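What follows is a single structure, written as structure tokens, with notes after it.
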Amino acid sequence: MKKFLENLNKPQQEAVLYTEGALLVLAGAGSGKTRVLTRRCACLLDKGVSPLNLLALTFTNKAAREMKERVADVCDGGDKIWVSTFHSMCVRILRREIEALGYTRDFTIYDSDDSTRIITTCMAELNINKDKFQPKGIAGEISRAKDENISVSEYETMNGSDFRLGNVAKVYKLYQKKLREANAVDFDDIISKTVELFKKNPDTLEKYQSRFKYIMVDEYQDTNTLQYNLIHMLAAKYGNICVVGDDDQSIYGWRGANIRNILEFEKDFKGAKVIKLTQNYRSTKIILDCANSVIQNNTERKSKELWTQNGGDEKITFYSGDTDFDEAYFIINEIKRLSSEKNMVFSDFAVLYRTHATSRVIAESCFKNNLPYRIFGGVNFSNYEEIKDISAYLKLINNPSDRLSFMRVINVPKRGIGLTTIGRVEEYANEHNLSMYDAAKQSHLINGMSKKNLSITAFTDLIDRFTEFSKTNSVNALVEKIITDIGYRDELKSINPDKYEQKSENLDVLVSKALEYDLHAQDSTLSEFLSEMSLGADIDNLNEEDNRVALMTLHNCKGLEFPVVFIAGFEDGILPGYRAVTSGSTKELEEERRLCYVGITRAREKLYLTAAKKRDQAGRELSNPPSRFLGEIDQTLLERQESEKRFRPRDKATTHVSPRLKADKPHLQKAYEMNAYDRKIPAPKDVTLEYAAGDTVSHMKYGKGEVLAIDPGGADYEVTIKFGDDFGIKKFMAGFAKLKKIET
DNA sequence: CAGAGACTCGAGGAG
DNA sequence: CGAGTCTCTG
């Protein structure tokens, strides 16, 4: 038997061998779909197909990375296969071809924040009241229009007569004009411009069709109309297209994803082969039964039941804590317990949540307990203000037409250039149809600017010097030069000394990312570096093998698996989210249920569902009932645990009560004080420490330090240690810190 | 005209 | 709590 067929069941083998023509694989969770895709690559290469003729598309960076690794493992030449997200593939194409659409190759990519900002200015120019129409909402409408592949003029004819949508149409039009003038695209454009390019230039399309003779698309149920169009165009020549999907895991409806794409697939590609994979190899029977019992409450699904031969007797644990801190401590203690009792490593654990906000308390608790963790996705690195500032310099250097970036850095650090001056330059730029940068260069021609133009000229000279420098130097050198030359660290320190350290560290990370990029890129260019930054591509996630607990959203966990999974915030109002709950929309609720299903099916051996009776939301206390999905689980699979009040409640209780709380809600303040009382709970007797206050101990990361205090903190001791000047005073939970006493 | 401080309002998810 | 806007002051 060929190696690429080993250890595969019948339908899996069939899917691997069916390489010619159109193939739809309906693959349930854990049914080995990634395995099928990677083996399929191996099979194709074995048949003599060049790896350069293969294309594999995924939705998230994480999925792309996973597949890239596995493909490279499975077959020789696998590393040469294009495995990428839709967005990064399209950017690669556009960097080569976009001149056909009148942009230059150095185009800037605007993220959703940027988009919203531009939309706000569009609305101001059009005199649309932003209190009546939220810029973010309009941005969403426009984005959805683009997902549906609806152009400005189509949108106008469709909606021009409606008051609200007519206004959206106006903004859409102006917004596209501004993007065009700035030589910039937004995230949606990345794909829509590629489709447009292919429509306008059949030759270019043909080039890529011939290149990608075999196309594979993962998570096909998540494709929206635009992506669907793109795939179909690319596959039109050879028709060798394999899509893999599962309607039960469709969780991107809010992004225009359309389950119908799966049905239309069979229509569009006549004679398409359909293969179903229903045997689950991942989870225990209990976990799978749990998943099935939840998902069967959805009405809109093709009926299918996953089955497994796996055993396992670990029930699903539902834990309800007093507070979100309590919940976090429960999770951490369980991880600690299992990792020592069952000899597991930290990377065996994942904590999943509906929204990024939930991660804060968990991450904070991990940090305090010295438990190594890693947050995937979420607050994007390039979203930090300081990173945006330096990136804006880079973007402006790369693309002088980029107005938004110009505006961002013109007075950062403060150069005494204020709104009035900027307004004058802007007016001049508009009058003469110039970019802000070009207008600024002609500041001597602008009315009313006699004195201030010194600072403007100094700024454009600075940019010119950077531009010159960038031509002969690496991206890394450029980043360092910008930070140094503009005195950015000093600026950060003077603005906010408290946050300086963190921000400065982020800058270090940016510098090292640039270095990593320079080292790995075949042909290092500033615009490619910027693309990778915007798309959160490769450079974001090096060193992945390390042993840490994974924290990520339910959306991000798709395609992954872990021995132990926690789903935190298992409450009505979180999962399902409050919007789905309050809107009463069955459709939305069913998507939340699918999200829940995705989370459950990530677990191999043990699943925890956790909730909190009270949690903090924007400085207010929030109480949610347990998730309604809990009631849908066959109760014999469940084991419930209540808070034993042995974990530390909210830390802030003892030290700080928000002024607002004091003023508005005296009764809540009482509750806080009571929590403070609860805190004094002795640590269990079975923990003994080999050191005491006053001893010198050594820590793996921070080195030698002096023990200042040992306090009972929940089920463990909290140890306060003073390290040298580099690290200062830190607190750890004794069980995690692995502190060693040093005899002195 | 720049910058600090007061003030309001809002909170999903990926690239 | 935080970001974004508005208002006041030097």
Side-chain angles (χ1 to χ4, degrees), chain A residues 57-64 84-91 109-117 120 130-131 134-137 140 143 146-147 185-191 219 222-224 226-227 251-257 352-361 376-380 382-383 385 411 413-424 451-452 455 494-496 499 531-537 540 552-559 569 573-581 583 588 591-592 594-595 598 616-622 652 656 658-661:
Chain A
L57 292 174
T58 64
F59 274 81
T60 62
N61 288 315
K62 211 159 174 3
S84 78
T85 62
F86 277 87
H87 287 85
S88 63
M89 173 190 74
C90 288
V91 167
I109 298 168
Y110 284 157
D111 65 22
S112 1
D113 276 1
D114 299 335
S115 298
T116 308
R117 206 157 294 163
T120 311
K130 70 174 161 52
D131 297 324
Q134 287 187 330
K136 246 187 164 173
S143 174
K146 290 185 180 184
D147 289 340
V185 298
D186 65 17
F187 278 139
D188 302 300
D189 285 343
I190 289 173
I191 297 173
E219 312 288 3
D222 289 332
T223 47
N224 61 34
L226 200 51
Q227 292 158 332
I251 54 176
Y252 285 93
W254 53 278
R255 270 279 47 180
L352 310 177
Y353 36 81
R354 176 65 175 83
T355 70
H356 291 301
T358 314
S359 71
R360 225 201 67 227
V361 167
F376 290 89
V379 183
N380 206 322
S382 39
N383 268 4
E385 289 299 297
N411 202 30
K414 300 194 175 73
R415 303 185 170 86
I417 301 175
L419 287 177
T420 319
T421 310
I422 294 171
R424 285 194 183 121
K451 207 174 149 198
K452 282 291 179 234
S455 36
S494 74
I495 292 176
N496 192 340
K499 292 191 177 165
S531 302
E532 293 200 5
M533 286 283 293
S534 315
L535 298 179
D540 243 9
M552 67 185 92
T553 63
L554 288 162
H555 281 90
N556 239 311
C557 76
K558 199 153 63 156
I574 296 182
L575 180 66
Y578 75 96
R579 288 162 110 118
V581 172
S583 76
E588 274 185 62
E591 183 151 314
E592 299 286 317
R594 290 193 291 270
L595 203 47
V598 167
D616 183 65
Q617 200 192 331
R620 278 166 201 277
E621 199 125 289
L622 191 74
K652 287 168 199 153
H656 172 74
S658 88
R660 191 197 300 205
L661 205 55

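Naming: A, B, ... by sequence-line order, numbering from 1 per chain. Keep in mind that what you see is a predicted model, and the values were worked out from it rather than measured.
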(message) Rounding to an integer number of Å, can you tell me how far Glu532(A) CD sits from dG15(B) P?
(response) 14 Å

(request) Grab the CG-P distance between Asp147(A) and dA14(B) for me, whole Å please. (result) 15 Å

(request) Just call it for Asp111(A): base, sugar-phosphate, or nothing, with non-hydrogen atoms closer than 4.0 Å on any strand. (result) nothing

(message) Within the structure provided, determine whether Ile422(A) and Ile417(A) are in side-chain contact (heavy-atom separation under 4.5 Å).
(response) yes

(request) Would you check if Trp254(A) stacks with the base of dG13(B), given a 5.5 Å centroid limit and a 30° plane limit, both strict? (result) yes

(request) Would you classify Phe86(A) as touching base, sugar-phosphate or nothing, given that sugar-phosphate means primed atoms plus P, OP1 and OP2, and contacts are heavy atoms under 4.0 Å? (result) nothing

(request) By nearest nucleotide on DNA chain B, pick out whichever of Arg579(A) and Leu419(A) is the more 5' one. (result) Leu419(A)

(request) Remember a base hit wins even if backbone is also touched, and classify Glu592(A) as base, sugar-phosphate or nothing at under 4.0 Å, heavy atoms. (result) base

(request) Just compare dG3(B), dG15(B), dC1(B) and give me whichever is closest to any side-chain atom of Phe187(A). (result) dG15(B)

(request) Taking salt bridge (charged side-chain N to carboxylate O under 4.0 Å, His left out) as the test, write out the residues that go with Lys136(A), two or more places apart. (result) none

(request) Measure the acute angle between the ring planes of Phe59(A) and Phe86(A), then classify it against the limits of 30° and 60° as parallel, tilted or perpendicular. (result) tilted

(request) Return the nearest nucleotide to the side chain of Arg354(A); candidates are dG15(B), dG12(B), dG3(B). (result) dG12(B)

(request) Report the distance from atom CG of Leu575(A) to atom P of dG13(B), rounded to the nearest whole Å. (result) 12 Å

(request) Can you figure out which of dG13(B), dA14(B), dA2(B) approaches the side chain of Asn556(A) most closely? (result) dA14(B)

(request) Round to a whole Å and report the spacing from CZ of Arg117(A) to P of dG4(C). (result) 6 Å

(message) Among dG3(B), dA14(B), dG12(B), which nucleotide has an atom closest to any side-chain atom of Tyr252(A)?
(response) dA14(B)

(request) Select base, sugar-phosphate, or nothing to describe what Phe59(A) touches, counting heavy atoms under 4.0 Å on all strands. (result) sugar-phosphate

(message) From CZ of Arg594(A) over to P of dG13(B), roughly how many Å is that when rounded to an integer?
(response) 18 Å

(request) Look at the side-chain N and O atoms of His356(A) and state whether any lies under 4.0 Å from the OP1 or OP2 oxygen of dA14(B). (result) yes

(message) Without decimals, in angstroms, what is the distance between Lys499(A) NZ and dC1(C) P?
(response) 12 Å

(request) Answer with yes or no whether Ser88(A) presents, from its side chain, a donor or acceptor under 3.5 Å of a partner atom in the base of dG15(B). (result) no

(request) Identify, between Lys414(A) and Ser112(A), the residue whose nearest nucleotide on DNA chain B lies closer to the 5' end. (result) Lys414(A)

(message) Between Asp188(A) and Arg255(A), does any side-chain N to carboxylate O distance fall below 4.0 Å?
(response) yes

(message) Once you apply a heavy-atom cut-off of 4.0 Å, does Asp188(A) come out as touching a base, just sugar-phosphate, or nothing?
(response) base

(message) Without decimals, in angstroms, what is the distance between Lys136(A) NZ and dT5(C) P?
(response) 13 Å

(message) Run the salt bridge (charged side-chain N to carboxylate O under 4.0 Å, His left out) test against Glu592(A) and tell me which residues pass, sequence neighbours left out.
(response) Arg354(A)

(request) Indicate yes or no for a side-chain donor-acceptor contact from Asn61(A) to the backbone of Leu535(A) under 3.5 Å, with no hydrogens or angles considered. (result) yes

(request) Round to a whole Å and report the spacing from CE of Met552(A) to C1' of dG12(B). (result) 18 Å

(message) Taking the side chain as everything from C-beta on, heavy atoms only, tell me whether Ser88(A) gets closer than 4.5 Å to Glu532(A).
(response) no

(message) Would you compute the distance between atom SG of Cys90(A) and atom CZ of Phe187(A) and round it to the nearest 0.5 angstrom?
(response) 13.0 Å

(message) Working to the nearest 0.5 angstrom, can you tell me the gap between Ile495(A) CD1 and Lys414(A) NZ?
(response) 4.0 Å

(request) Please tell me which of the listed nucleotides, dG15(B), dG12(B), dG13(B), lies nearest to the side chain of Thr553(A)? (result) dG13(B)

With 3.5 Å as the limit, what N/O pairs link the protein to nucleotides 7-10 of chain C?
none

(request) Look at the side-chain N and O atoms of Asn411(A) and state whether any lies under 4.0 Å from the OP1 or OP2 oxygen of dG3(B). (result) yes

